[in-house]
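These notes concern the structure reproduced below.
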Amino acid sequence: MKALVVGGGIGGLTAAIALRRAGHDVTVAERSPAFAPAGAGIILAPNATAVLAALGVDLTERGLPLPALDLLSADGRLLRHTNPRETPSDLGPSLALTRTELHAALREALPEGVRVVHGVTVDSVREGERGTVAVRIADAGAPGADAAPAAPAAGSPAVAGLGPDAYDVVVGADGVRSAVRAACVGQQRLRYSGVTCWRGLTGNRAGLGRAFESWGPGTRIGAVPLRDDRLYYFLVRKAPRRAPDLTWPGGFRRAFAGHGGEPGRLLDALTEAPPLHHDLEELDRPVWGRGRVLLLGDAAHAMTPNLGQGAAMAIEDAYALARALAPGAEGALARYAALRHRRVRAVQLTSRRLGRVAHWRGPVGRLLRETGLRALPDELTERQFAALVDPARELLRG
């Protein structure tokens with residue numbers, strides 16, 4: 001089966017690995033002119049690390065097993081303590097690493113025969129003859145070094161390394177503003193979560209030894225230790241959509257002035273403005289594709305990061321997609337949606353609800369939130385974590 005994966009991010013590369021391991025002829029079309037460092041950090045929960053391990057992706061020398069993960073009040077007092085190493089799960093560890101390291105591990109795990117073509121975009125996707133998908137590709141720049149030279153297929157633009165222009169299946173893994181999604185099901189309105197987020201990597205000048213997230217009045221600060229004495233950090237606050245950026249350093253100091261203790265030390269230790277800034281947007285509900293065009297990751301179900309499961313859901317999607325295609329392309333979309341919709345929708349809605357609670361501003365709401373978090377039994381926390389990660393076990397068994 002000839003498969004075109006559009007998008008060379010986490011979900012797209014995982015899909016390429018899964019499909020090629022299942023014996024399919026796989027081409028990856030990536031918009032950027034070459035793979036380059038991008039993004040900040042990421043935590044992969046056991047459901048994600050288990051699927052990657054099953055696909056032969058080795059993260060042992062790249063990820064740091066997550067130490068304590070603590071939820072703090074704005075003044076630095078402990079609300080909830082979680083030790084992922086002690087939380088029952090036979091799926092594997094929770095790992096903290098940079099997105100660049102994860103991307104490099106996925107590229108190294110690409111099986112022989114996967115073609116990666118850089119500098120191309122998708123102009124159109126439509127049902128072709130004899131059950132194929134016709135794809136029109138446009139050149140978005142010079143192809144990358146690992147693009148295999150080949151003559152363009154008839155009717156396609158002259159894009160070196162990409163062909164044919166008809167595929168048995170097309171996988172849209174091209175992000176929250178997916179061109180493939182727009183081409184096959186039309187434009188989908190993005191839902192603004194009401195919060196904006198800054199992220200970055202920095203040296204551990206504050207001497208932080210644990211991962212934490214601090215909840216303040218409409219703001220959050222988080223940090224995750226990485227290898228090589230580095231930190232992944234994020235700053236989140238309620239704001240109107242496309243609000244002007246904060247000034248550095250005064251605007252940031254004022255916006256997050258309510259945070260003390262370790263969160264305050266982290267902010268004081270930053271020497272420059274965070275390099276990444278995004279309004280947090282999501283799809284209102286999952287969209288899985290049409291016909292032989294299947295969507296995964298943010299293209300299918302962009303969600304808020306409050307559960308840290310966005311990339312994990314894309315990784316699970318990729319494994320499920322290969323399973324759904326095992327009997328053939330005919331009917332694969334229905335099989336794929338049956339495997340994924342209920343699971344993904346539950347995670348998406350839970351993450352949405354958690355984000356609302358995390359950004360309560362009023363003193364009464366914050367008092368109720370902090371009192372409830374302190375009173376939450378450890379057994380309930382463990383059951384909630386198991387409910388989040390255990391469905392991967394069933395996916396892998398299938």
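What you are looking at is a predicted structure, and each value in this text was computed from that prediction instead of being measured. Sequence positions, counted from 1, serve as the residue numbers for this chain.
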Task: ILVMFWY network linking Tyr167 to Val120, side-chain heavy atoms under 4.5 angstrom - done: yes
Open item on the list: Quick one, Arg253 and Trp248 - any side-chain contact, counting heavy atoms below 4.5 Å?
Closed with: yes
Open item on the list: Check this for me, if you would: do Glu127 and Arg292 make a salt bridge, where the nitrogen-to-carboxylate-oxygen distance has to be below 4.0 angstrom?
Closed with: no
Open item on the list: With a 4.0 Å cut-off on N to O distance, would you call Arg227 and Glu101 a salt bridge?
Closed with: no
Open item on the list: Under a 4.0 Å threshold between the charged nitrogen and the carboxylate oxygen, would Arg20 count as salt-bridged to Glu112?
Closed with: no
Open item on the list: Please tell me whether Leu354 and Leu79 are part of a single hydrophobic cluster in this structure, the criterion being side-chain heavy atoms less than 4.5 Å apart.
Closed with: yes
Open item on the list: Do Met313 and Leu307 land in one hydrophobic cluster if side-chain heavy atoms of ILVMFWY residues count as linked below 4.5 Å?
Closed with: yes
TODO: Decide whether His103 and Arg107 meet the rule of one side-chain donor and one side-chain acceptor closer than 3.5 Å.
DONE: yes
Open item on the list: Looking at Arg323, I want to see if its CZ is surrounded by more than 12 non-hydrogen atoms of other residues, nucleotides or ligands under 6.0 Å.
Closed with: yes
Open item on the list: I'd like to know if the side chain of Asp58 and the backbone of Thr60 have a donor-acceptor N/O pair within less than 3.5 Å.
Closed with: yes
- [ ] Answer yes or no: is there a side-chain heavy-atom contact under 4.5 Å between Val236 and His359?
- [x] yes
Open item on the list: Whether the His301 and Asp317 side chains hold a donor-acceptor pair (N or O, under 3.5 Å, no angle test) is what I'd like checked.
Closed with: yes
TODO: Drop me the distance from His81's NE2 to Asp378's CG, to the nearest 0.5 angstrom.
DONE: 9.0 Å
Open item on the list: Just so I know, are the side chains of Trp215 and Leu373 near enough to count as touching, which here means a heavy-atom distance under 4.5 Å?
Closed with: yes
Open item on the list: Tell me whether Arg181 forms a cation-pi arrangement with Trp288, defined as NZ or CZ under 6.0 Å from the six-membered ring centre and within 45 degrees of its axis.
Closed with: no
Open item on the list: Could you tell me if the side chain of Met303 sits less than 4.5 Å from the side chain of Val344, heavy atoms only?
Closed with: yes
- [ ] Look only at the side chain of Arg199 and the backbone of Gly39, and say whether a donor-acceptor pair between them is shorter than 3.5 Å.
- [x] no
- [ ] Could you tell me whether His278 and Trp198 have their ring centroids closer than 6.0 angstrom?
- [x] no
Open item on the list: Strictly below 4.0 Å, N to O, side chains only: are Arg31 and Asp174 in salt-bridge contact?
Closed with: no
Open item on the list: With no hydrogens and no angle check, just 3.5 Å: does a side-chain donor-acceptor pair link Arg374 and Thr371?
Closed with: no
Open item on the list: Is it the case that over 12 heavy atoms from other parts of the model lie below 6.0 angstrom from the CZ atom of Arg345?
Closed with: yes
Task: Test: Lys2 and Asp25 ion pair at under 4.0 Å - done: yes
Open item on the list: Using modelled atom types and a 3.5 Å cut-off, is there a donor and acceptor pairing between side-chain atoms of Tyr319 and backbone atoms of Ala54?
Closed with: no
Open item on the list: Under a plain distance cut-off of 3.5 Å, with no hydrogens placed, do Arg220 and Asn306 share a side-chain donor-acceptor pair?
Closed with: yes
Task: SB check Arg265 Asp268 (cutoff 4.0 Å) - done: no
TODO: Establish whether Met1 and Val28 are linked, either directly or via other cluster members, by ILVMFWY side-chain heavy-atom contacts under 4.5 Å.
DONE: yes
Open item on the list: A side-chain contact here means heavy atoms from C-beta on lying under 4.5 Å apart; do Leu71 and Leu78 qualify?
Closed with: no
Open item on the list: Donor-acceptor check, side chain of Thr49 to backbone of Pro93, threshold 3.5 angstrom: yes or no?
Closed with: yes
- [ ] Report the distance from atom CZ of Arg383 to atom CG of Asp390, rounding to the nearest 0.5 Å.
- [x] 13.0 Å
Task: Atom pair CG (Leu69) and OG (Ser94), whose distance is rounded to the nearest 0.5 Å - done: 8.5 Å
Open item on the list: Donor-acceptor check, side chain of Glu370 to backbone of Gly365, threshold 3.5 angstrom: yes or no?
Closed with: no
Open item on the list: If you apply the rule salt bridge (charged side-chain N to carboxylate O under 4.0 Å, His left out), what do you find for Asp284 with Arg189, and how did you get there?
Closed with: CA-CA 8 Å; Asp284 186 60; Arg189 186 180 67 86; 5.1 Å; no
Open item on the list: Within the 3.5 Å criterion, strictly below it, is a donor on Ser193 or Thr304 matched to an acceptor on the partner's side chain?
Closed with: no
- [ ] Flag yes if Ile315 and Val57 sit in one hydrophobic cluster, no otherwise; membership is Ile, Leu, Val, Met, Phe, Trp, Tyr, and two members link when side-chain heavy atoms are under 4.5 Å apart.
- [x] yes
TODO: Indicate yes or no: at least one non-hydrogen side-chain atom of Val287 is less than 4.5 angstrom from one of Leu295.
DONE: yes
Task: Val5 side chain reached by Thr27 side chain, heavy atoms, under 4.5 Å - done: no
- [ ] Quick one: do Glu213 and Arg80 satisfy salt bridge (charged side-chain N to carboxylate O under 4.0 Å, His left out)? Show the steps, please.
- [x] CA-CA 10 Å; Glu213 185 169 326; Arg80 293 294 306 167; over 6 Å; no
TODO: State whether the number of non-hydrogen atoms from other residues, nucleotides or ligands found under 6.0 Å of Glu330 atom CD is greater than 12.
DONE: no
Open item on the list: When you measure from the side chain of Thr350 to the backbone of Ala346, do you find a donor-acceptor pair of N or O atoms at a distance under 3.5 Å?
Closed with: yes
- [ ] Look at the aromatic rings of Phe252 and Phe256 and report parallel, tilted or perpendicular, splitting at 30° and 60°.
- [x] parallel
Task: From Leu321 atom CG to Leu296 atom CG, the distance as rounded to the nearest 0.5 Å - done: 6.0 Å
- [ ] With rounding to the nearest 0.5 Å, note down the distance linking CG in Asn204 to CG in Leu226.
- [x] 9.5 Å
Open item on the list: Main chain of Pro391, side chain of Arg343: is a donor-acceptor contact present, judged purely on distance under 3.5 Å?
Closed with: no
TODO: Check the pair Arg126 / Arg136 against side-chain contact (heavy atoms from CB on, under 4.5 Å), numbers first and verdict last.
DONE: CA-CA 9 Å; Arg126 59 181 176 78; Arg136 182 172 176 81; over 6 Å; no
TODO: Apply side-chain contact (heavy atoms from CB on, under 4.5 Å) to the pair Leu19 and Val171, showing each step before the final yes or no.
DONE: CA-CA 10 Å; Leu19 291 172; Val171 179; 4.2 Å; yes
TODO: Examine Phe35 together with His118 and report whether their ring centres are nearer than 6.0 Å.
DONE: yes
Task: Worked verdict on Val133 versus Val125 for side-chain contact (heavy atoms from CB on, under 4.5 Å) - done: CA-CA 7 Å; Val133 182; Val125 178; 3.4 Å; yes
Open item on the list: Check this for me: does any side-chain nitrogen of one of Arg352 and Glu282 sit under 4.0 Å from a carboxylate oxygen of the other?
Closed with: yes
- [ ] Quick one: pull up CG in Leu267 and OG in Ser214 and give me the separation to the nearest 0.5 Å.
- [x] 10.5 Å
Task: Distance-minimising heavy-atom pair for Leu235 and Tyr233 - done: CG-CD1, 4.4 Å
Open item on the list: Donor-acceptor check, side chain of Thr219 to backbone of Arg237, threshold 3.5 angstrom: yes or no?
Closed with: no
Open item on the list: Among Ile10, Thr98, Leu95, which residue satisfies the side chain to side chain contact (heavy atoms under 4.5 Å, CB included) criterion with Ile42?
Closed with: Ile10
Open item on the list: Could you walk me through whether Leu283 and Arg191 satisfy the side-chain contact (heavy atoms from CB on, under 4.5 Å) test, starting with their C-alpha distance in whole Å, then the side-chain angles of each, then the deciding distance to 0.1 Å, before giving a yes or no?
Closed with: CA-CA 6 Å; Leu283 284 174; Arg191 180 183 180 277; over 6 Å; no
Open item on the list: I'd like to check Pro225 versus Tyr232 (side-chain heavy atoms, cut-off strictly below 4.5 Å). Are they in contact?
Closed with: no
TODO: Quick one: closest heavy-atom pair of Arg241 and Leu190, and the distance?
DONE: NH2-O, 3.3 Å
Open item on the list: Set out, in order, the CA-CA distance, both residues' side-chain angles and the distance that settles salt bridge (charged side-chain N to carboxylate O under 4.0 Å, His left out) for Glu262 and Arg210, then state yes or no.
Closed with: CA-CA 10 Å; Glu262 286 180 302; Arg210 60 175 175 173; 2.4 Å; yes
